[in-house]
Amino acid sequence: MPIAEAVGLVFSVKAHEAYYVPVPEKQDEATALIHEFKALLEADNKLWIGQNAKYDSTLMKWYGVDIKGPYFDTMIAHYLCEPDQRHKLDYLTEAYLDYKMVAIEELIGKGKTQLTMRNVKLEKVAEYAGEDADFTLQLKPILEKKLEEMEMTDLYQSIEVPLINVLRDMEFEGVRINPDFLADYSKELEKEILRVEQEVYREAGGPFNIASPKQVGEVLFERMKLPYKGKKSSTGQYVTDVDKLTEMAEEHAIIAKILEYRKFSKLKSTYVDALPTMINPKTGRVHSNFNQARAATGRLASDNPNLQNIPIRDEAGREIRKAFEPRSEDHILLSADYSQIELRLIAEISGDEAMLEAFLSGNDFHKATAAKVYNVPIEEVTADQRRNAKTVNFSITYGAGATNLSRQLGISRKDAKDLIDQYFVQFAGLKRYMDETVAFARSHGYVKTMLGRRRELRDINSRNALASSNAERVAINTPIQGTAADMIKVAMIHIHQAIKEQNLQSRMILQVHDELVFDVYKPELEVIKAIVQDKMPNAIPNLKVPIEVGIGVGNNWLEAH
DNA sequence: ATAGTCACG
DNA sequence: ACGTACGTGACTATA
């Protein structure tokens, strides 16, 4: 972003009618024309109905027009109603207006010979754009009614709609990424990759494509005759993922080297080499897209590039975070993250006394869990016991069973089952909540978050055991993950508002599910800290469980974290 | 286009 | 007896 240049503006105020205004090709003339509409577009006494309003609003912002809303966004309305479906306009039009739209490819073709909208005859563009506006307008009352029937009008009006401009501004701001740092690191990784590659070839007795899972499987299990345990994939291939290879690392020195090769290649191709190409030449910054209508739980998703999966767990990977820098010497990065938010929300929602007590005591929660399930005083909890308890805590939010837990912890299935049984003895209220949630899902066909976000579970009463147990885990996980998503969205809206009201220069630039990152103007550091420490913990008021937020500051994202 | 793999919360 | 972890996006190989 600038994602594109404007070719035309299209308005519709009445069904079956639309008005198309071509925008000149010369950018100064384009800006001048768009500014003819500035007062209208910036008026806050009109409702702007749009399909993915953030897109149009962002485009206008690049032209210097600040659309304030309020909006009615058909894409987001539909996302709330049917979070597991698609939300594109052609789908909505077919599903709700029973009309098949003309595909954009019929206007501009596809592939190499694809034209831009500018090269299409005015009459055709006007017709196509007019349909867009008209259908969006017609969809509004339908989706508005659906939201009301599903009791999500408030969630929509007070969270999702206000979030549109918050995300727009975050994307517009972007983040500074240091390309020189990454170029140096790329060379280092290249050396490592070439070195490991030769070592793998030596162990294998000849070269092959290590990036091909198929060839890796054939080399390991056919040419080298290493023992293969377990099932093959659905397509009959050997599974060679990190779990499987780590399991058999003792078998041969080549295994660790293949994993090393994979690790370095992943870092280089997905992050180190890719991120600098995403720097916008006009702004010198990277403007990710935060998709508000993708994750069925209510979370955001980030793409082009995805800035929600930048490495941190691994030493070589976390190096990449050093490339994320504040905008200038006068700025500093601040990262604020919710501590164990999903576990706290399970405690809150289930009302489990023991769990609430553990959080209220302020003790290390995983340690407190270990003390309970192993029945030892908290001072005597071993590192292993704490680690196991942490994994159980984590697994619980996914509704995982004994098989998976045993695999995660490297213990027997029976020990894993005992652990889970003990866990539910200690946290009986949690067990009750999980059973009730599944029962609710079975009778109503959906589950909901604390703020009323819904997700339908079509398979919850399926006769297919695999399908129904999948749905049960989703039923347990969605209210937790979704409530955490609701909470951080509210916090983002409040923080954005405070920054605006106080005319601050600092900006919110990233959201990573339980973390917010700010590019802070140094003189405002204490003000921002205070705002964050007020808005994040108090996003959902009157909770029984304490909500804690950790803050870090630094000259790059790694330091700040 | 799909599968496999792996990065994050 | 057996078993499936929840939610994403990007890259590479392969059909």
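Just so it is clear: chains get the letters A, B, ... in the order the sequence lines come, proteins before strands, and each one is counted from 1. None of the values given here were measured: they were computed from a predicted structure.
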Participant: Which one of A:R455, A:R294, A:R454 satisfies the salt bridge (Lys or Arg N to Asp or Glu O under 4.0 Å) criterion with A:D84?
Facilitator: A:R455

Participant: Hey, does A:A274 reach any base, or is it just sugar-phosphate, or nothing, if we go heavy atoms under 4.0 Å?
Facilitator: sugar-phosphate

Participant: State which of C:dC6, B:dG9, B:dA7 makes the closest approach to the side chain of A:R299.
Facilitator: B:dG9

Participant: Measure the distance from NZ on A:K214 to C1' on C:dT12 and round it to the nearest whole Å.
Facilitator: 14 Å

Participant: Below 3.5 Å, does any donor atom in the side chain of A:Q308 face an acceptor in the base of B:dC8, or the other way round?
Facilitator: no

Participant: Distance check needed: B:dC6 C1' versus A:L189 CG, whole Å only.
Facilitator: 15 Å

Participant: Separation of A:K244 atom NZ from B:dA3 atom P, in whole Å?
Facilitator: 20 Å

Participant: With heavy atoms under 4.0 Å as the rule, sort A:L466 into base, sugar-phosphate or nothing.
Facilitator: sugar-phosphate

Participant: Taking the same atom, P, in B:dC6 and in C:dC2, what whole-Å distance lies between them?
Facilitator: 28 Å

Participant: Among C:dT4, C:dG3, B:dT5, which nucleotide sits nearest the side chain of A:R262?
Facilitator: B:dT5

Participant: Do the side-chain N or O atoms of A:R313 get closer than 4.0 angstrom to the phosphate oxygens (OP1, OP2) of B:dC8?
Facilitator: yes

Participant: Closest to the A:N470 side chain: C:dA10, C:dC6, C:dA5?
Facilitator: C:dC6

Participant: Among C:dT12, C:dA5, C:dA10, find the nucleotide with the atom closest to the side chain of A:N304.
Facilitator: C:dA10

Participant: Find the distance A:D514:CG to C:dC6:C1' and express it as a whole number of Å.
Facilitator: 14 Å

Participant: Find the distance A:K390:NZ to C:dA5:P and express it as a whole number of Å.
Facilitator: 22 Å

Participant: Can you see if the side chain of A:N477 gets near the phosphate of C:dA5 - specifically, an N or O under 4.0 Å from OP1 or OP2?
Facilitator: no

Participant: What's the CD-P distance between A:Q237 and C:dT12, to the nearest Å?
Facilitator: 18 Å

Participant: Under 3.5 Å, is there any donor-acceptor pair linking the side chain of A:S395 to the base of C:dA5?
Facilitator: yes

Participant: At less than 4.0 Å, is any side-chain N or O atom of A:Q215 found next to OP1 or OP2 of C:dT14? Yes or no.
Facilitator: yes

Participant: Should the ring pair A:Y398 and A:F394 be called parallel, tilted or perpendicular, given that the plane angle runs from 0 to 90° and is split at 30 and 60?
Facilitator: perpendicular

Participant: Kindly point out which of B:dG4, C:dC6, C:dA10 is positioned nearest to the side chain of A:R473?
Facilitator: C:dC6

Participant: If you take all heavy atoms of A:K448 and A:P479, which pair is closest and at what distance?
Facilitator: O-CB, 3.6 Å

Participant: Within 45° of the six-membered ring axis of A:F264 and under 6.0 Å from that ring's centre, is NZ or CZ of A:K191 located there?
Facilitator: no

Participant: Remember a base hit wins even if backbone is also touched, and classify A:T240 as base, sugar-phosphate or nothing at under 4.0 Å, heavy atoms.
Facilitator: sugar-phosphate

Participant: Under 4.0 Å, counting only non-hydrogen atoms across every strand here, what does A:T235 touch: a base, just sugar-phosphate, or nothing?
Facilitator: sugar-phosphate

Participant: Is A:N291 touching bases, backbone alone, or none of the nucleic acid, heavy atoms closer than 4.0 Å?
Facilitator: nothing

Participant: Does A:N306 reach a base, just sugar-phosphate, or nothing at all? Heavy atoms under 4.0 Å.
Facilitator: sugar-phosphate

Participant: Reckon A:A465 touches a base, only the sugar-phosphate, or nothing at all at heavy-atom distances under 4.0 Å?
Facilitator: nothing

Participant: Below 4.0 angstrom, N of the basic side chain to O of the carboxylate: do A:E247 and A:R407 qualify?
Facilitator: no

Participant: Side chains of A:R262 and A:T240: is there a donor and an acceptor less than 3.5 Å apart?
Facilitator: yes

Participant: Within the structure shown, what part of the strands sits under 4.0 Å from A:R294 by heavy-atom distance: base, sugar-phosphate, or nothing?
Facilitator: sugar-phosphate

Participant: If you only use heavy atoms from C-beta on, which nucleotide in B:dC6, B:dT5, C:dC11 is closest to the side chain of A:K266?
Facilitator: B:dC6

Participant: Give the minimum heavy-atom separation between A:A316 and A:Y185, together with the two atoms involved.
Facilitator: O-OH, 2.6 Å

Participant: Among C:dG9, B:dT5, C:dA5, which is the nearest nucleotide to the side chain of A:A301?
Facilitator: C:dG9

Participant: Side chain of A:D303 only, heavy atoms from C-beta on: which candidate in C:dC11, B:dC8, C:dG9 is closest?
Facilitator: C:dG9

Participant: When we call it a touch if two heavy atoms are under 4.0 Å apart, what does A:T478 touch: a base, just sugar-phosphate, or nothing?
Facilitator: nothing

Participant: Quick one: look up who C:dA1 pairs with, Watson-Crick or G-U, both distances under 3.5 Å, and put none if it's unpaired.
Facilitator: none

Participant: Nearest nucleotide by nearest heavy atom, which residue falls closer to the 5' end of DNA chain C, A:T391 or A:N209?
Facilitator: A:T391

Participant: Any idea which of B:dA7, B:dG9, C:dA5 is nearest the A:Y271 side chain?
Facilitator: B:dA7

Participant: Looking only at atom P, what distance separates C:dG3 and B:dA7, rounded to whole Å?
Facilitator: 26 Å

Participant: For A:Q408, answer base if it contacts any base atom (sugar-phosphate contacts may also be present), sugar-phosphate if it contacts only those atoms, and nothing otherwise; contact means non-hydrogen atoms under 4.0 Å.
Facilitator: base

Participant: Would you kindly give the CD1-to-C1' distance between A:I310 and B:dC6, to the nearest whole Å?
Facilitator: 13 Å

Participant: Nearest to the side chain of A:R455, heavy atoms from C-beta on, is which of C:dG9, C:dA5, C:dG7?
Facilitator: C:dG7

Participant: With a cut-off of less than 4.0 Å, is there a side-chain N or O of A:S469 near OP1 or OP2 of C:dG3?
Facilitator: no

Participant: Nearest-Å distance, CG (A:L516) to P (B:dG9)?
Facilitator: 14 Å

Participant: Would you classify A:L267 as touching base, sugar-phosphate or nothing, given that sugar-phosphate means primed atoms plus P, OP1 and OP2, and contacts are heavy atoms under 4.0 Å?
Facilitator: nothing

Participant: Identify the heavy atoms of A:E82 and A:R458 that sit nearest to each other, and give their distance.
Facilitator: OE1-NH2, 3.3 Å

